[in-house]
There are 2 protein chains.
Amino acid sequence: MKKKILISDIAKDLGVSVTTVSFILNGKAKEKRISDGLTKRVLEYVQKVGYKPNELAKSLRTGKTKIIGLVIEDISNPFFANIARLIETRAYSKGYRIIYCSTDNQPDKTIELIQLFRDRHVDGYIITPSEGIRDTIQALLSNQLPLVLFDRYIPGLTTNYVVSDNVRGAYDATAHLAQQGYKRIALVTLYSSQTQMQDRMNGYMRAIDTYKLQPYVKKVNMGDDEATTMQAIYSFLADQEPDAVFFATNYIAITGLKALKHSPVPMPGIVSYDDHTLFKLFSPTITAVSQPIEAIADELINVLLNQLDGKVKETKQIMLPSELIIRESSLPQTSLITS
Amino acid sequence: MKKKILISDIAKDLGVSVTTVSFILNGKAKEKRISDGLTKRVLEYVQKVGYKPNELAKSLRTGKTKIIGLVIEDISNPFFANIARLIETRAYSKGYRIIYCSTDNQPDKTIELIQLFRDRHVDGYIITPSEGIRDTIQALLSNQLPLVLFDRYIPGLTTNYVVSDNVRGAYDATAHLAQQGYKRIALVTLYSSQTQMQDRMNGYMRAIDTYKLQPYVKKVNMGDDEATTMQAIYSFLADQEPDAVFFATNYIAITGLKALKHSPVPMPGIVSYDDHTLFKLFSPTITAVSQPIEAIADELINVLLNQLDGKVKETKQIMLPSELIIRESSLPQTSLITS
DNA sequence: CGGAAGTGCTTAAGCGCTTTAGCATGTTTG
DNA sequence: CAAACATGCTAAAGCGCTTAAGCACTTCCG
């Protein structure tokens, strides 16, 4: 067990001061007029002995951690998992590291995680806000901490955010079903005051208006266990007998599909907000509103890094378009999955 | 923007020394014979002003971060995502926080992540080792860093690990297919020298022996894009025409199902190693070898915490049984999914 | 009644790094 | 030729905390 080598060891070994080594290591050799020869000598020695500075000490001294805290709704949801991956890669190339945690959309957990990140002095925050955390976000804001929300925002709070055009996405999805000739198009969504859910509801309603249809809406509880939710959806389907269903999130869609599996009613047309790897496997395959995750990740990192650089002071609100991925839903093909 | 309050502020405000406050805050009041009155006074004041110690300074001083680094193959894989969640919760209740990153099973990324965690001075490591990181793990070991591997281990290295009984799991899966009357049972697996994959292969082969069948094995590359893998599996199925397929991981199973969807050959019996939420949605539903994720998470945390406490010195190897979740595969029921 | 032991607290060092201020030199320049 | 400046480096303070050592006083006990 070789013991940890310190900057002072290097200084001593090379017969120079700790200051000089520090300057060189931080790329300030030129600026601080350290001779090229010495710079080279130090760099080579550092390389040779494999010195790694103690990041804790560095952070304590500089007040910077080069870490971005990512507070995400559910890391096991492919939509979020993929965004997290992209953010991670992009941040990495800029010298930042990501630490992430899931909130399950629970306010207390969210608040606690943000506190944890504050304790760890992360340099910036990327957050999918749950309900009821307005004050926590406000606190970050008043402490001037770099912050960008995504997937949804908090109405009335002036923050950076990156969201997709949920109204438009939901409208397109519903309109697509209407154009296919479906008449009883249902929306299955959550009890939620969050912007993305409200916007999806609005988009659905607008399309219902455009096509002069009747709305059929079922709301379920996020917190309920899957069996309960499945039962609720099942009853709704049996009662209302929609000929098409628009699920407002991919996990509601999955639960909905499970309900449909056991349901005696005919297979309705199906669209899901957010895609899922397995959706293309079903017969008929499932049309989905796909958010531009690459663009979202890019914008999130851009906005945050601009804040971190201190370049940009004003807040930025970005809305990106979603795309409807239409899969052949009316022509069930011969498929092994269908047994 | 209220400025951060320090332990010295508290000491000054209360007219006591920083040391005293520190002792009280760290629960050493009794041990250090601080009077109950003062203890109470300090605690109340701390509460009132909402003081939070600077964890960085604490860590620098104590050398402990109370953080566990979780290096996981792929956080978007439900198996790993669920384990991560469980580990997180359990660690949390013991006062530890988790930071996690995905390796995609790539050696360089894994090595880099472990280095990142070392830089951040995490107290302990939970790792799904990719191939080619023996030296990195060895380095952790020789520096006496608390460490536990899972899902697989590194042959010849004496480390803590928690794995499931892959041989048995694969045997049961294959035997199940054989008992159903399938004759041409194929295994689709990865090119991999990792223990879990080798064990699954061994289990399959043993069952093939027991039932006097012929083996049909297809190996695919982890790194290939999905379309390539799908094509490879497709060709294999078309050539060999197995009447049952055992997929060695859940993501191979998913790719395999996609291949099957476009395949003209009759639907084979299917078993997947590792379950997936959506498997129960297919018709016929898919039987899966389900690992005991709760038990795995429990053991991982237990083993690691014991190391962290310094109580336990010797290493511990734990193997847990997997369970075969048999779903009604021979009786395709009327299902909406089947169009 | 004097030394030992107990009580309740504080002083000060130091974790490993960054950074401000400044100290010798050598080189211009008016 | 002294003042002014440039060059190449260093001393030392300090980020916010923990903790070993110790100080002054009281109580106990043979």
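Chain letters run A, B, ... following the sequence lines, proteins first, then strands; residues in each count from 1. Remember, it's a predicted structure, so these values are computed and weren't measured experimentally. Side chains included, hydrogens not; waters and symmetry mates left out as well; all remaining heavy atoms used.
- A:Ser130 and A:Thr103 form no side-chain donor-acceptor contact under 3.5 Å, judged by distance and modelled atom types alone.
- If you check every strand for non-hydrogen atoms under 4.0 Å, B:Leu60 touches a base.
- Salt bridge A:Arg152/A:Glu73: present, at least one basic N to carboxylate O contact under 4.0 Å.
- Rounded to a whole Å, the NE2 atom of A:His121 is 11 Å from the C1' atom of D:dC17.
- In the helix from C:dC1-D:dG30 to C:dG30-D:dC1, the rotation axis of the first five pairs and that of the last five pairs differ in direction by 60°, rounded to 10 degrees.
- In this structure, B:Lys4 atom NZ and D:dC17 atom C1' are separated by 14 Å, rounded to whole Å.
- Between A:Tyr51 and the phosphate of C:dG16, there is no side-chain N or O to OP1/OP2 separation shorter than 4.0 Å.
- The residue among B:Val18 and A:Val16 whose nearest nucleotide of DNA chain D lies closer to the 5′ end is A:Val16.
- Across all their heavy atoms, B:Tyr153 and B:Val163 have their closest contact at CD2-CG1, 4.1 Å.
- Note that CG of A:Asn143 and CG of A:Leu140 are 7.5 Å apart. Values are rounded to the nearest 0.5 Å.
- Taking only side-chain atoms of B:Thr62, from C-beta outward, the nucleotide of D:dC9, D:dC17, D:dT18 with the closest atom is D:dT18.
- Between A:Lys58 and A:Pro53, the shortest heavy-atom contact is NZ-CG, 4.0 Å.
- Across the protein-nucleic acid pair, B:Leu56 atom CG and C:dT18 atom C1' stand 15 Å apart, rounded to whole Å.
- Distances shown here put every side-chain N or O of B:Asn54 at or beyond 4.0 Å from the OP1 or OP2 atom of D:dC15.
- Distance NZ (B:Lys64) to P (C:dG16): 13 Å, rounded to an integer number of Å.
- Taking the six-membered ring for Trp and thresholds of 30 and 60 degrees, B:Phe150 and B:Phe80 have ring planes more than 60 degrees apart, a perpendicular arrangement.
- B:Phe23 places its CZ atom 15 Å from the P atom of C:dG8, with the value rounded to the nearest Å.
- The interatomic distance linking B:Lys66 (NZ) with D:dC17 (P) rounds to 18 Å, in whole Å.
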Quiz item: How far apart are the C-alpha atoms of B:Asp36 and B:Lys30, what are their side-chain angles, what is the distance that settles it, and do they pass the side chain to side chain contact (heavy atoms under 4.5 Å, CB included) test?
Solution: CA-CA 8 Å; B:Asp36 289 357; B:Lys30 279 278 172 295; 3.0 Å; yes

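- Comparing D:dA12, C:dC15, D:dA20 against the side chain of B:Arg61 picks out C:dC15 as the nearest.
- If you take NZ of A:Lys12 and P of C:dC17, they are 13 Å apart, rounded to a whole angstrom.
- No side-chain donor-acceptor contact under 3.5 Å links B:Thr315 and B:Asn160.
- Per the geometry, CD1 belonging to B:Ile7 stands 11 Å off P belonging to D:dT19, to the nearest Å.
- When the side-chain nitrogen and oxygen atoms of A:Thr20 are compared with OP1 and OP2 of D:dT10, one or more of them lie within a distance under 4.0 Å.
- Within the 4.0 Å cut-off from OP1 or OP2 of D:dT18, at least one side-chain nitrogen or oxygen of B:Ser22 is found.
- Distances shorter than 4.0 Å separate none of the side-chain N or O atoms of A:Thr19 from OP1 or OP2 on D:dT10.
- Remark: the A:Asp123 side chain and the A:Tyr96 side chain contain no N/O donor-acceptor pair separated by less than 3.5 Å.
- Across all their heavy atoms, B:Cys101 and A:Tyr100 have their closest contact at CA-OH, 3.9 Å.
- Remark: B:Lys28 in residues 28-43 of chain B come within less than 4.0 Å of DNA chain D through at least one heavy atom.
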